[in-house]
Amino acid sequence: MYYFFHRLLSDKKGGEIFTLFGFWHFFYIGLTLSVIIALLVLLKGKDEYSKRKTAKIFINIAFGLYIADFFLMPLAYGEIDIEKLPFHVCTAMCVMSFLSYHITFLEKYRTSFVLLGFISNFVYLIYPAGVMWHGVHPLSYRVIQTLIFHSVMTIYGFLALTFNGNKLSVKKSYRHLIVVACMTLWAMLGNYIYNGDSEGYSHFFNWFFVVRDPFYLLPESISPFVMPIINILVFYLVELLMCFTFSKLYNLLKCERRD
């Protein structure tokens with residue numbers, strides 16, 4: 001059985017490879033947008049419970065994909081990829097968003113988890129660097145799992161923010177800052193623990209870009225000290241912009257329902 005699943009899930013080399021803004025990249029972007037539009041049409045006029053339940057279904061799917069990946073990675077790659085640990089903002093916000101439905105204390109931070117998760121997953125969907133670097137066939141498990149996960153998280157984030165735009169108040173924006181700061185500290189911890197050399201193996205991760213500037217504009221010697229601050233400021237400002245955008249969208253849809 002191992003041989004069968006390894007052949008099925010392992011990276012497929014040779015021939016066509018997944019490329020930025022190639023056919024398969026546009027396919028996943030188009031599929032994501034199509035699902036979002038279809039759901040907005042189907043849920044138009046539905047009650048708030050139905051809308052919240054639909055959004056919750058997608059975070060459950062995303063969390064299921066993330067957990068299943070840990071069981072499938074040994075079959076696909078012969079090991080569990082350390083980089084898939086929840087120190088990336090995309091995966092960390094998936095876990096936290098899911099837990100916010102089951103842990104009362106986290107519920108008040110759900111919108112902040114969703115905001116940060118939507119921004120990061122949407123950006124990855126537009127620029128999926130992680131899969132491009134491997135240069136594998138578009139139908140490889142690595143590509144399919146990664147793009148579907150980020151697509152589902154993007155759909156969940158869009159739905160959750162659109163249907164809860166009335167909760168995106170400036171008065172509670174301090175919670176967004178708290179979540180971004182905690183995510184930065186969490187990523188710093190992950191990088192500190194897992195980066196290093198041992199017995200001929202060298203590991204370097206840049207979870208949440210707190211170790212190295214992703215655009216290579218800052219010297220590596222100062223990046224670990226500057227990037228955490230830059231991350232907190234940039235992501236917080238983008239979240240405020242998203243709050244304004246989705247609150248306007250919520251009001252627009254609310255007006256359409258009244259008409």
Side-chain angles (χ1 to χ4, degrees), residues 1-42 54-95 97-98 117-160 194 201 203-209 214:
M1 289 299 292
Y2 174 81
Y3 177 76
F4 171 78
F5 283 111
H6 179 68
R7 286 287 301 273
L8 180 66
L9 301 174
S10 61
D11 291 341
K12 295 173 175 59
K13 300 285 187 177
E16 185 181 3
I17 63 172
F18 183 88
T19 56
L20 180 67
F21 300 135
F23 168 80
W24 288 100
H25 186 197
F26 279 119
F27 171 79
Y28 282 105
I29 294 175
L31 181 63
T32 304
L33 292 176
S34 298
V35 172
I36 289 174
I37 293 172
L39 287 171
L40 288 177
V41 173
L42 289 172
T54 302
K56 187 178 179 180
I57 288 173
F58 277 89
I59 190 58
N60 289 339
I61 293 173
F63 185 74
L65 288 171
Y66 180 61
I67 296 301
D69 192 34
F70 282 93
F71 291 90
L72 294 176
M73 278 190 286
L75 298 172
Y77 321 128
E79 61 181 4
I80 293 178
D81 187 356
I82 297 176
E83 194 163 1
K84 287 296 187 80
L85 293 175
F87 293 106
H88 273 304
V89 61
C90 296
T91 52
M93 291 305 103
C94 171
V95 174
S97 294
F98 176 81
F118 172 75
I119 294 167
S120 58
N121 281 279
F122 177 73
V123 169
Y124 189 94
L125 186 62
I126 299 300
Y127 187 76
V131 292
M132 291 189 301
W133 292 337
H134 290 278
V136 297
H137 194 278
L139 297 179
S140 295
Y141 167 77
R142 185 190 300 274
V143 176
I144 295 173
Q145 192 280 336
T146 306
L147 269 296
I148 289 182
F149 170 81
H150 287 85
S151 295
V152 172
M153 280 297 296
T154 299
I155 295 169
Y156 164 71
F158 186 90
L159 294 179
Y194 288 96
Y201 291 94
H203 296 287
F204 177 80
F205 303 102
N206 190 23
W207 284 307
F208 204 36
F209 312 118

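Only a predicted model underlies this, so the values are computations on that prediction, with no experimental measurement involved.
Between Phe205 and Phe87, a ring centre-to-centre spacing not shorter than 6.0 Å is recorded.
For Phe71, the CZ atom is loosely surrounded, since the number of other residues' heavy atoms within 6.0 Å does not exceed 12.
Between the side chains of Trp24 and Glu16, at least one donor N or O lies within less than 3.5 Å of an accepting N or O. Judged purely by distance below 3.5 Å, without hydrogens or angles, the side chains of Tyr156 and Asn60 never pair a donor atom with an acceptor atom.
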Verify side chain to side chain contact (heavy atoms under 4.5 Å, CB included) between Lys84 and Met73, making sure each step is shown before the conclusion.
-> CA-CA 10 Å; Lys84 287 296 187 80; Met73 278 190 286; 3.6 Å; yes
Trace of the side chain to side chain contact (heavy atoms under 4.5 Å, CB included) decision for Ile82 with Leu85 | CA-CA 6 Å; Ile82 297 176; Leu85 293 175; 3.9 Å; yes
Begin from the C-alpha positions of Leu39 and Phe58 and carry the test side chain to side chain contact (heavy atoms under 4.5 Å, CB included) through to its verdict.
-> CA-CA 12 Å; Leu39 287 171; Phe58 277 89; 3.6 Å; yes
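Val131 approaches Arg142 most closely through the heavy-atom pair CG1-O, 3.9 Å. Residues His25 and Thr19 share a closest heavy-atom pair of CB-O, 3.6 Å. Ala92 approaches Pro86 most closely through the heavy-atom pair CB-O, 3.5 Å. Minimum heavy-atom separation, Phe21 to Phe26: O-CE1, 3.0 Å. Nearest heavy-atom pair, His134 versus Gly130, reported as atom, atom and distance to 0.1 Å: CD2-O, 2.9 Å. For Gly135 against Ile17, the heavy-atom pair with the smallest separation is O-CG2, 3.5 Å.
Each of Thr146, Asp11, Asp69 was checked for a side chain to side chain donor-acceptor pair (under 3.5 Å) with Tyr141, and the lone residue meeting it is Asp69. Just one of Phe98, Phe70, Phe149 meets the ring pair (Phe, Tyr, Trp, His ring centres under 6.0 Å) condition when paired with Phe63; it is Phe98. Of the listed residues (Thr91, Asn121, Ile61), just one forms a side-chain contact (heavy atoms from CB on, under 4.5 Å) with Met153, and that residue is Asn121.
Side-chain N or O atoms of Ser140 include one that pairs as donor or acceptor with a backbone N or O of His137 at under 3.5 Å. With hydrogens and angles ignored, the 3.5 Å screen pairs no side-chain donor or acceptor of Tyr77 with any backbone N or O of Leu9.
Residues meeting the side-chain contact (heavy atoms from CB on, under 4.5 Å) test with Ile148, sequence neighbours left out: Tyr28, Leu65, Ile144, Val152.
Rounded to the nearest 0.5 angstrom, Leu147 CG and Leu125 CG are separated by 6.5 Å. For the atom pair CG (Leu8) and OH (Tyr3), the distance works out to 12.0 Å, reported to the nearest 0.5 Å. Separation of atoms CG (Leu42) and OG1 (Thr54) is listed at 9.0 Å; rounding is to 0.5 Å.
By the 30° and 60° cut-offs, the orientation of the rings of Tyr124 relative to His150 is parallel.
Annotation: cation-pi pair Arg7/Tyr2 absent, no NZ/CZ under 6.0 Å from the ring centroid and within 45° of its normal.
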